[in-house]
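In listed order, ligands and their atoms are each counted from 1.
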Amino acid sequence: MNTPLIDPFARAINYLRISVTDRCDFRCVYCMSENMTFLPKKELLTLEELDRMCSAFVRLGVKKLRITGGEPLVRRDIMTFFRGMSRHLETGALSELTLTTNGSQLEKFADDLYAAGVRRVNVSLDTLDADKFARITRWGRLPQVLRGIDAAQKAGLRVKINTVALQDFNEDELFTLTDWCAERDMDLTFIEVMPMGDLGNEDRLGQYWSLKDLRAQLAARATLTDLPENTGGPARYVRVESTGQKIGFITPLTHNFCESCNRVRITCTGEIYTCLGQEGHSDLRGPLRSSEADDVLEDAIRAAIALKPKGHDFDYSRQQIDGQVSRHMSHTGG
Ligand code: SAM
Ligand code: SF4
């Protein structure tokens with residue numbers, strides 16, 4: 001019975017974000033510590049299991065699939081998975097297959113991604129200064145990412161840049177980044193930093209920069225128009241009237257829009273988190289591995305969706321601001 005996924009609060013679940021690895025070739029200070037211990041391989045969903053998992057969600061009405069990580073493009077043979085998912089685009093069951101990446105491997109994979117039906121990618125980039133880039137990502141190198149962005153655009157992929165807003169780090173680049181994106185016809189989204197990774201030890205880099213302030217700085221320079229667009233998540237958008245550029249603001253800790261939440265997240269070990277702001281989760285790997293038929297998995301998915309909370313209150317967010325998030329962003333993939 002393929003009735004769509006509707007949670008107890010009548011929200012249709014049509015967007016799945018899935019992490020395909022906990023590993024990464026960068027060590028961004030706000031995301032990871034320098035010495036990370038990664039999961040043993042057997043804990044991860046195999047490529048075949050990822051395919052089964054995502055296909056089950058597509059059967060149950062998921063229309064948009066975002067692949068994330070860790071860094072999704074460092075997962076070995078990940079293009080096999082992307083190519084597999086393209087069959088759901090071909091049938092029309094899936095409307096969009098996309099990914100969030102640090103860009104380091106885009107030069108290598110942009111054409112393959114396009115061939116698999118990917119049309120848009122989010123690339124995370126916090127600075128256009130090569131030294132600062134090396135400092136914030138520890139292991140990343142800016143020219144490689146810029147070549148990746150070039151390759152993506154050349155391949156026909158629409159690129160959106162995601163920038164984590166960090167006071168005393170990229171505050172001085174607000175206009176540089178905005179203009180650089182506008183010149184290259186790329187939308188730009190700012191993300192409010194959440195206290196994770198090694199941020200506490202890197203306080204020179206890690207000052208919290210409120211997106212309200214960032215927006216005010218942009219508004220002082222150009223006319224911004226609020227866009228009614230709502231993607232069912234914590235992002236809000238404005239248009240810069242002079243250039244037509246779209247700028248987004250993601251405040252993960254401000255969940256004023258829980259009533260329209262359409263998404264769930266799956267970790268690389270097959271845990272489903274139905275709310276980014278709550279710790280509650282269910283295991284889907286056990287049901288997936290317990291049977292070759294998919295009905296056990298589908299029942300487990302429905303049971304998990306039935307537990308999706310209505311939302312979470314401000315006090316809970318406050319606890320998170322105080323640093324009580326026990327998950328790393330690379331665990332749920334942001
Ligand atoms: N490796 C890929 C990348 O960097 O785009 C995908 C995974 S990464 C965890 C997804 C997004 O989460 C990135 O845009 C990253 O900047 C963001 N992120 C990581 N840690 C964060 C934090 N502590 N606060 C806010 N955003 C964070
Ligand atoms: Fe890797 Fe992305 Fe985390 Fe940076 S934000 S360490 S690129 S997973």
Counting heavy atoms only, which of N102, T68, I136 comes nearest to atom 7 (S) of ligand 2? N102
Closest to atom 3 (Fe) of ligand 2 among S19, C31, G140, S33 (heavy-atom distance): C31
Answer yes when [X] and [Y] have at least one side-chain N-carboxylate O distance shorter than 4.0 Å, and no when they do not.
X: D111; Y: K154; answer: no
X: K41; Y: E43; answer: no
X: R289; Y: E49; answer: yes
X: E298; Y: R59; answer: yes

Evaluate the criterion side chain to side chain contact (heavy atoms under 4.5 Å, CB included) for residue pair T178 and I247; output intermediate values, then yes/no. CA-CA 8 Å; T178 312; I247 297 187; 3.5 Å; yes
Residues two or more places apart in sequence or in another chain: which of them pass ring pair (Phe, Tyr, Trp, His ring centres under 6.0 Å) with H281? Y273
Starting from Y237, walk the hydrophobic network (Ile, Leu, Val, Met, Phe, Trp, Tyr; side-chain heavy atoms closer than 4.5 Å) and list everyone else you reach, by chain and number. L227
Using a strict 4.0 Å cut-off to heavy atoms of G70, name the atoms of ligand 2 that fall inside it. 8 (S)
Can you list the ligand 1 atoms lying under 4.0 Å from a non-hydrogen atom of [X]?
X: T101; value: 2 (C), 3 (C), 5 (O)
X: V193; value: 24 (N), 25 (C)
X: V164; value: 16 (O), 26 (N)
X: E192; value: 25 (C)
X: T68; value: 6 (C), 7 (C)

Should the proximity of I191 to ligand 1, defined as any heavy atom under 4.0 Å, be assigned to the side chain, the backbone, both, or neither? side chain
Ligand 1 and Y30, any nitrogen or oxygen pair closer than 3.5 angstrom? yes
Examine P72 against ligand 1 and note whether any of their N/O atoms are separated by less than 3.5 Å. no
Closer than 2.8 Å to atom 3 (Fe) of ligand 2, do we get an N, O or S atom from C28, backbone or side chain? no
Answer yes or no for C24: is there an N/O/S atom below the 2.8 Å cut-off from atom 1 (Fe) of ligand 2? yes
Check: R27 side chain, C24 main-chain N or O, donor-acceptor pair, under 3.5 Å: yes
I'd like to know if the side chain of D129 reaches the main chain of K132, judged simply by a donor and an acceptor atom lying under 3.5 Å from each other, with no hydrogens or angles considered. yes
Sub-4.0 Å heavy-atom contact, G70 with ligand 1: yes
